Colleague: 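Below: one structure in structure tokens.
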Amino acid sequence: MTNFCSIKDVEDPAGWIKEAIELKEKIEKDGPFARSGKSICLLFFNPSLRTRLSMQKAAYNLGIESFVFNLNSEGWQLEFGDGVVMNGNTSEHIIEAAGVMSSYFDAIAVRAFATLTHKQDDYQEKILSQFVKYCSVPVINMESATSHPLQSFADMITIEQFKKVAKPKVVLSWAPHPKALPQAVANSFLHWSNRMDYELVLTHPKGYELDPAIVGNARVEYDQNKAFSGADFIYAKNWSAFNDEVYGQVVSKDESWTITPEKMALTNQAKFMHCLPIRRNVIAMDAVLDGPDSIVITQAGHRITSAQMVLKQLLNIK
Ligand SMILES: NCCC[C@H](NC(=O)CCC(=O)O)C(=O)O
Ligand SMILES: NC(=O)OP(=O)(O)O
């Protein structure tokens, strides 16, 4: 594996889940690895709590030094265009920035959210692909325009930990949000769960259809109550519209889609999941988040489990 940018970089997701749990258990038993002499740069164009801290903790557990760089507030404004006359606001080209950082570190991890205004740039992964192109060391996706594989890998580890039947019913449900959010988490969740042996259902209001190529074998059910019936896992997430004419827009804030205890009662005592951060009483009610079936904290804990596996593989840590 040369990069970790999407599920395409992972041949055997089920094998990875197993190995990630073994690695977690080994670290819990034996403590952190000895210093490896390796180092990683965590580059953020957007805010983060879990991704930043879980990557740093995973690096610490593997004896890797991590350096955080909040590029928007602390770095030069980067230029990504080819052949641009740089007499405007951008001070440094990705060509030099990536070249220099590759000479300092053994891997570069990047968080760069979708623009939500330029669909083509977003779905061609304009920013992440430029890092892949110009970095000479592995690149790790810490949530790009269209995917968040570290999150989905953690989500699959969590489902495997909590599932009570061999083939659980897993429901990805849209929920309302005041702001326009990316499709990355939902896309990645579909990428990964399509590779698992799940009964996969996607539910959202009309107008929130996702890329059909990514939806894959998930069954789309526009009636949220029907989707929830008999579910073993409810994964809530908001995303903005994908369709061309309304790309990146909030086309509905329908409050009837908020996850309530009444809706959870339709399920097979489903576990409640969300990638966090979550808007309480908008995405899901307090009673759901504070109830016994919410596993969001364990899920966030597995961000370390997944990050450890990715770093160990990419940096060849023994
Ligand atoms: N990395 C996890 C989610 C990040 C982002 N959420 C957000 O921007 C929420 C912001 C807010 O609630 O104000 C998203 O949906 O892709
Ligand atoms: N779930 C997730 O990626 O959280 P952060 O945005 O806080 O990193």
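Counting from 1, the numbers follow the sequence of the chain as shown. Numbering of ligands and ligand atoms starts at 1, following listing order. Treat the numbers as computed from the prediction; the structure is a model and nothing was measured.
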Colleague: If you have a sec, work out which protein heavy atom is nearest atom 4 (O) of ligand 2 and how many Å separate them, to one decimal?
Modeller: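 Result: Arg50 NE, 2.9 Å.
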
Colleague: Under a 3.5 Å distance rule, please check whether Asn46 uses its side chain to pair with a backbone N or O of Phe113 as donor and acceptor.
Modeller: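 Judged by distance alone, yes, a pair lies under 3.5 Å.
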
Colleague: Going by the atom numbers of ligand 2, which of them fall below 4.0 Å from some non-hydrogen atom of His148?
Modeller: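 This gives 2 (C), 3 (O) as the contact atoms.
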
Colleague: Below 4.0 Å from any atom of ligand 1, is there a heavy atom belonging to Arg50?
Modeller: no

Colleague: Could you check atom 10 (C) of ligand 1 against the protein and tell me its nearest heavy-atom contact, residue, atom and distance included?
Modeller: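 The closest heavy atom on the protein side is Lys179 NZ, 3.7 Å.
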
Colleague: Cation-pi check, Lys119 to Phe242: give yes when NZ or CZ is under 6.0 Å from the six-membered ring centre and within 45° of the ring axis, no otherwise.
Modeller: yes

Colleague: Using a 4.0 Å heavy-atom cut-off, say whether Arg111 meets ligand 1 through its side chain, its backbone, both or neither.
Modeller: side chain

Colleague: For Glu221, is there an ion pair with Arg219 - N to carboxylate O distance below 4.0 angstrom?
Modeller: yes

Colleague: Tell me whether ligand 1 is touched by His274 - counting only heavy atoms on the residue side and a distance under 4.0 Å.
Modeller: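 Heavy atoms of His274 never come under 4.0 Å of ligand 1.
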
Colleague: Could you list which atoms of ligand 1 come closer than 4.0 Å to a heavy atom of His177?
Modeller: 11 (C), 12 (O)

Colleague: Please state which option from Leu49, Val185, Val296 has its nearest heavy atom closest to atom 5 (P) of ligand 2.
Modeller: Leu49

Colleague: Can you check whether Phe44 and Phe69 have ring centres sitting under 6.0 Å from each other?
Modeller: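 No; Phe69 has its ring centre 6.0 Å or more from that of Phe44.
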
Colleague: Within the structure, is a non-hydrogen atom of Ala184 found at a distance of less than 4.0 Å from ligand 1?
Modeller: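 Not so, Ala184 does not reach ligand 1.
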
Colleague: Is it the case that the side chains of Thr158 and Asp155 hold a donor-acceptor pair, with the cut-off being a distance below 3.5 Å and no angle test?
Modeller: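 No pair is found: no donor N or O on one side chain lies under 3.5 Å from an acceptor on the other.
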
Colleague: Would you mind checking which non-hydrogen protein atom is closest to atom 8 (O) of ligand 1, with the distance to 0.1 Å?
Modeller: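 Scanning the protein heavy atoms, the shortest distance from atom 8 (O) of ligand 1 goes to Leu181 CD2, 3.7 Å.
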
Colleague: Going only through I, L, V, M, F, W and Y residues with side-chain contacts under 4.5 Å, is there a path from Val288 to Trp174?
Modeller: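 Unlinked, Val288 and Trp174 end up in two clusters.
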
Colleague: Using a strict 4.0 Å threshold on nitrogen-to-oxygen distance, state whether Arg35 and Glu65 make a salt bridge.
Modeller: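 Answer for the salt bridge query: yes.
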
Colleague: For Gln224 and Lys263, does a side-chain donor sit closer than 3.5 Å to a side-chain acceptor?
Modeller: yes

Colleague: Are Asn238 and Tyr208 close enough that a side-chain donor and a side-chain acceptor fall under 3.5 Å?
Modeller: no

Colleague: For Arg111, is the nearest heavy atom under 4.0 Å from an atom of ligand 2?
Modeller: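 Flag set, Arg111 near ligand 2.
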
Colleague: Please classify the Arg303 to ligand 2 contact at 4.0 Å (heavy-atom distances, strictly less than): side chain, backbone, both or neither.
Modeller: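 For Arg303, only side-chain atoms sit under 4.0 Å from ligand 2.
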
Colleague: Could you list which atoms of ligand 2 come closer than 4.0 Å to a heavy atom of Cys275?
Modeller: 1 (N)

Colleague: What do you reckon, does Glu143 have a nitrogen or oxygen under 3.5 Å from a nitrogen or oxygen of ligand 2?
Modeller: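 There is no such contact.
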
Colleague: If I apply the N/O under 3.5 Å rule, does Ser48 come out as touching ligand 2?
Modeller: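 N/O-N/O distance under 3.5 Å: yes.
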
Colleague: Does NZ or CZ of Lys206 come closer than 6.0 Å to the centre of the six-membered ring of Tyr222, within 45° of the ring's axis?
Modeller: yes

Colleague: Can you see which heavy atom on Ala112 is nearest to which on Ile127, and at what distance?
Modeller: CB-CG2, 3.7 Å

Colleague: Less than 6.0 angstrom from the centroid, inside 45 degrees of the normal: does Lys26 satisfy that with respect to the ring of Phe33?
Modeller: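 Satisfied, under 6.0 Å and within 45°.
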
Colleague: Answer yes or no: does an N/O atom from Leu276 fall short of 3.5 Å to an N/O atom of ligand 2?
Modeller: yes

Colleague: Hey, looking at atom 13 (O) of ligand 1, which of Arg279, Met142, Lys237, His148 has the closest heavy atom?
Modeller: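 Among Arg279, Met142, Lys237, His148, the closest heavy atom to atom 13 (O) of ligand 1 belongs to Arg279.
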
Colleague: Does an N or O from Glu143, backbone or side chain, lie closer than 3.5 Å to an N or O of ligand 1?
Modeller: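 N/O-N/O distance below 3.5 Å exists for this pair.
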
Colleague: Below 4.0 Å from any atom of ligand 1, is there a heavy atom belonging to Leu276?
Modeller: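 Checking ligand 1 against Leu276, which is what was asked, there is a heavy-atom contact under 4.0 Å.
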
